Structure formats: C-alpha cells, structure tokens
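One structure is given here, and the rest of the page talks about it.
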Amino acid sequence: MAVAGGILGLLVGSFLNVVIHRLPKIMERSWQIQCAELRHEPVPDLPTFNLVRPRSSCPQCGHAISAMENVPLLSYLILRGRCASCQSPISLRYPLVEALTGVLSAYAAWRFGFTLATAGALVLLWALIALTFIDFDTQILPDSITLPLLWIGLLINLRGTFAELESAVLGAAVGYLVLWSIYWLFKLFTGKEGMGYGDFKLLGALGAWLGWKMLPVIILLSSVVGAVVGVALIVLFRRGSSVPIPFGPYLAGGGMIALFWGDTILRMYLG
C-alpha cells in the first residue's frame with residue numbers, strides 16, 4: 001500500500017504542478033471575460049488554455065516537454081535540473097511538489113491501509129498541497145478547490161470515516177464562522193483586512209473532514225507556524241511588516257498534522 005501510494009502520489013504531484021501554475025491563470029482569464037461582458041465590450045479572443053491544453057513547455061524557449069521528460073523526479077535528475085533544449089534551469093518547485101506529494105501519499109496509504117480513509121486522506125492531502133502553493137504564489141485560495149473539498153468532507157463522513165457526521169457539520173460551520181468573526185473584528189478595530197474569505201472556506205473544509213474537535217488543534221498549529229515564519233521573514237529577510245503573508249499554507253499544514261496525529265495531540269493535551 002505504501003509503495004502504491006507513493007507511486008500514485010508522484011504521478012499526481014506532477015499533475016498538481018500543472019494545477020498550481022495554470023489554475024490562477026485560468027481564473028484571471030475568466031475574470032477578464034466577465035469584466036468584458038459586464039462592460040458590454042467584445043469578449044477577448046484568447047487561445048485555448050486549461051489544465052490539459054496546451055502541452056507543457058519550457059517558459060524560456062517554448063520547447064514542448066515530451067513524456068520522457070515528464071517522469072516525476074527522474075526526469076529532473078536525468079536532465080540535471082535543466083531544459084533539454086535551451087539548458088535553462090528548471091525551478092526546484094517542480095520536484096519538490098512531486099516528492100512532497102509522493103511521501104505524504106505513501107504515509108497515508110501505510111497509515112490507513114486498504115480502507116476508505118486512505119482514499120479520502122489522499123484527496124484531502126492533494127487538495128491541500130495545491131492550495132498551499134497557489135496561495136504562496138498568488139494569495140488566492142480558489143473556490144474551485146475549497147468548496148468541493150468542504151462538501152466531499154461531509155460526504156465522506158456520512159459513515160464517520162474521520163469524524164461523526166454531526167461533528168463534521170459543526171466543524172464546517174464553526175470553522176468558517178471563527179475566522180469570519182476574527183476577520184470582521186480585526187477590520188472593525190484596524191480598518192484593514194487581516195485575511196481573505198478563502199481562509200474561512202479552507203478552515204470550514206478542514207472542519208468538515210476532521211470534525212469540530214480538531215479545529216483548536218489546526219488553528220493553534222497554523223498560528224504558531226505562521227507567526228514563526230512571519231517573524232523569520234521580517235528579521236532575516238527584512239521583509240516589511242506591512243507585506244501580507246498568506247495564511248492558507250499554515251492552515252493546510254495544520255490540517256495535515258491533525259489528519260495524522262490530531263487525536264494523539266488532543267489526548268496528550270487533555271491527559
């Protein structure tokens with residue numbers, strides 16, 4: 001199960017790289033079309049661009065990436081991190097996403113075995129990885145991922161896979177409302193927006209998957225990690241305190257930890 005999960009994770013990780021790169025661009029194109037329609041302007045004639053077409057290519061020289069050049073991890077190592085055509089360096093992000101997806105998928109398969117929980121855990125992990133890197137790049141958590149994730153979480157808990165259904169429903173509602181309340185309180189006192197609506201939806205989705213009891217664990221872990229990283233960016237890289245830091249990746253990280261070790265953390269704390 002672990003080997004099969006790892007291989008599947010590597011393949012999915014390669015596809016997640018496409019999602020991370022293209023989904024924000026697809027959303028931007030959709031917004032351009034909507035704006036043109038609202039202004040009663042001609043809709044821009046844009047070339048086909050989705051998660052399948054056009055084929056992946058080198059951003060420097062336009063070289064179309066062949067199947068042999070797209071084998072997860074191996075292709076990057078064989079090509080020594082460079083384009084086969086122009087020798088431009090390939091971002092380390094691509095093998096990192098593939099390796100991370102492979103390792104987490106293998107662990108999930110080993111941890112939960114041949115059960116529905118493994119299938120659910122894989123879906124949750126893959127979505128969280130995509131959201132993490134999209135938020136890092138654009139500070140956007142797409143509704144096309146967060147909202148289906150919430151509903152899938154409720155459906156998978158119809159038989160209590162990760163949490164009882166009642167706990168999952170409460171988790172979805174409470175998770176959304178907690179950050180929604182913090183957002184409006186912060187805006188009321190400071191006049192600024194402290195986070196985006198995508199963060200509310202992501203925490204609501206995590207509550208739907210893991211139940212309301214895991215929400216304090218997720219919030220605590222994500223807040224601590226986010227604070228440490230934020231201070232490190234300010235001190236080490238002299239990043240201005242006014243520069244926004246995406247919170248979605250830390251929520252996603254807290255959700256991953258809670259998926260695997262949330263019950264253990266709760267028992268240690270309550271014990």
Side-chain angles (χ1 to χ4, degrees), residues 5 8-9 12-13 15-24 26-27 30 51 97 100-101 104-105 107-109 111-112 115-180 183 195-219 221-222 226 246-260 262:
L8 178 61
V12 172
F15 176 70
L16 290 183
N17 276 318
V18 177
V19 175
I20 292 164
H21 174 71
R22 295 193 181 192
L23 185 55
I26 294 171
M27 294 170 61
S30 176
L51 296 179
V97 170
L100 179 63
T101 309
L104 290 177
S105 299
Y107 182 74
R111 176 70 179 269
F112 297 111
T115 61
L116 177 62
T118 294
L122 292 177
V123 171
L124 177 59
L125 290 170
W126 297 340
L128 292 178
I129 290 170
L131 289 170
T132 293
F133 287 94
I134 290 174
D135 202 18
F136 267 132
D137 289 340
T138 64
Q139 296 185 5
I140 293 173
L141 293 170
D143 286 351
S144 55
I145 298 179
T146 56
L147 295 182
L149 193 64
L150 188 152
W151 293 112
I152 294 172
L154 293 177
L155 290 174
I156 205 166
N157 281 322
L158 284 174
R159 294 189 176 182
T161 303
F162 296 105
E164 296 299 325
L165 182 59
E166 181 180 357
S167 178
V169 173
L170 285 174
V174 173
Y176 185 93
L177 291 175
V178 164
L179 291 188
W180 179 86
Y183 167 88
M195 63 183 69
Y197 278 67
D199 297 318
F200 317 160
K201 299 167 189 173
L202 177 54
L203 187 58
L206 291 172
W209 278 84
L210 305 177
W212 69 268
K213 293 180 181 179
M214 289 298 167
L215 291 177
V217 176
I218 296 171
I219 294 173
L221 290 171
S222 60
F247 190 46
Y250 309 116
L251 283 175
M256 292 179 190
I257 295 173
L259 171 65
F260 294 127

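The shown structure was predicted, so the numbers you read here are calculated from the model rather than taken from an experiment.
- Taking all atoms of both residues into account, the shortest heavy-atom contact from Asp199 to Gly248 is OD1-N, 3.4 Å.
- Put simply, CG on Leu251 and CE on Met195 are 8.0 Å apart, with the number rounded to the nearest 0.5 Å.
- Residue pairs meeting the salt bridge (charged side-chain N to carboxylate O under 4.0 Å, His left out) criterion with at least one partner in residues 136-151, sequence neighbours excluded, are Arg93-Asp137, Asp143-Lys201.
- Under the ring-ring contact (aromatic ring centres under 6.0 Å, His included) criterion, Phe15 pairs with no residue, sequence neighbours left out.
- The main-chain N or O of Ile26 is never found under 3.5 Å from a side-chain atom of Ser30 such that the two would form a donor-acceptor pair.
- Evaluation of the side chain to side chain donor-acceptor pair (under 3.5 Å) rule for Arg111 yields Tyr107 as partners, not counting sequence neighbours.
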**Request:** Just do the side-chain contact (heavy atoms from CB on, under 4.5 Å) check on Phe260 and Leu125 with the steps written out, would you?
**Result:** CA-CA 11 Å; Phe260 294 127; Leu125 290 170; 3.8 Å; yes
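- Taking the side chain to side chain contact (heavy atoms under 4.5 Å, CB included) definition, one finds that Leu221 meets it with Val217, Ile257, Ile265, sequence neighbours left out.
- Scanning for side chain to side chain contact (heavy atoms under 4.5 Å, CB included) contacts around Ile145 gives Leu23, Ala127, Ala130, Leu131, Ile134, with sequence neighbours left out.
- For residues 119-128, the side chain to side chain donor-acceptor pair (under 3.5 Å) pairs, not counting sequence neighbours, are Ser105-Trp126.
- Among residues two or more places apart in sequence or in another chain, the ring-ring contact (aromatic ring centres under 6.0 Å, His included) test is passed with Phe133 by none.
- When all heavy atoms of Val19 and Pro24 are compared, the closest pair comes out as O-CD, 3.9 Å.
- Evaluation of the side chain to side chain donor-acceptor pair (under 3.5 Å) test over residues 164-179, restricted to residues two or more places apart or in two chains, returns none.
- The backbone N or O of Asp135 sits nowhere less than 3.5 Å from a side-chain atom of Thr138 that would complete a donor-acceptor pair.
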Show which side-chain atoms of residues 150-160 pair as donor or acceptor with protein atoms under 3.5 Å away, not counting sequence neighbours.
residue	atom	partner	partner atom	Å
Asn157	OD1	Phe162	N	2.9
Asn157	OD1	Ala163	N	3.1
Asn157	ND2	Gly153	O	3.2
Asn157	ND2	Ala208	O	2.7
Asn157	ND2	Trp209	O	3.0

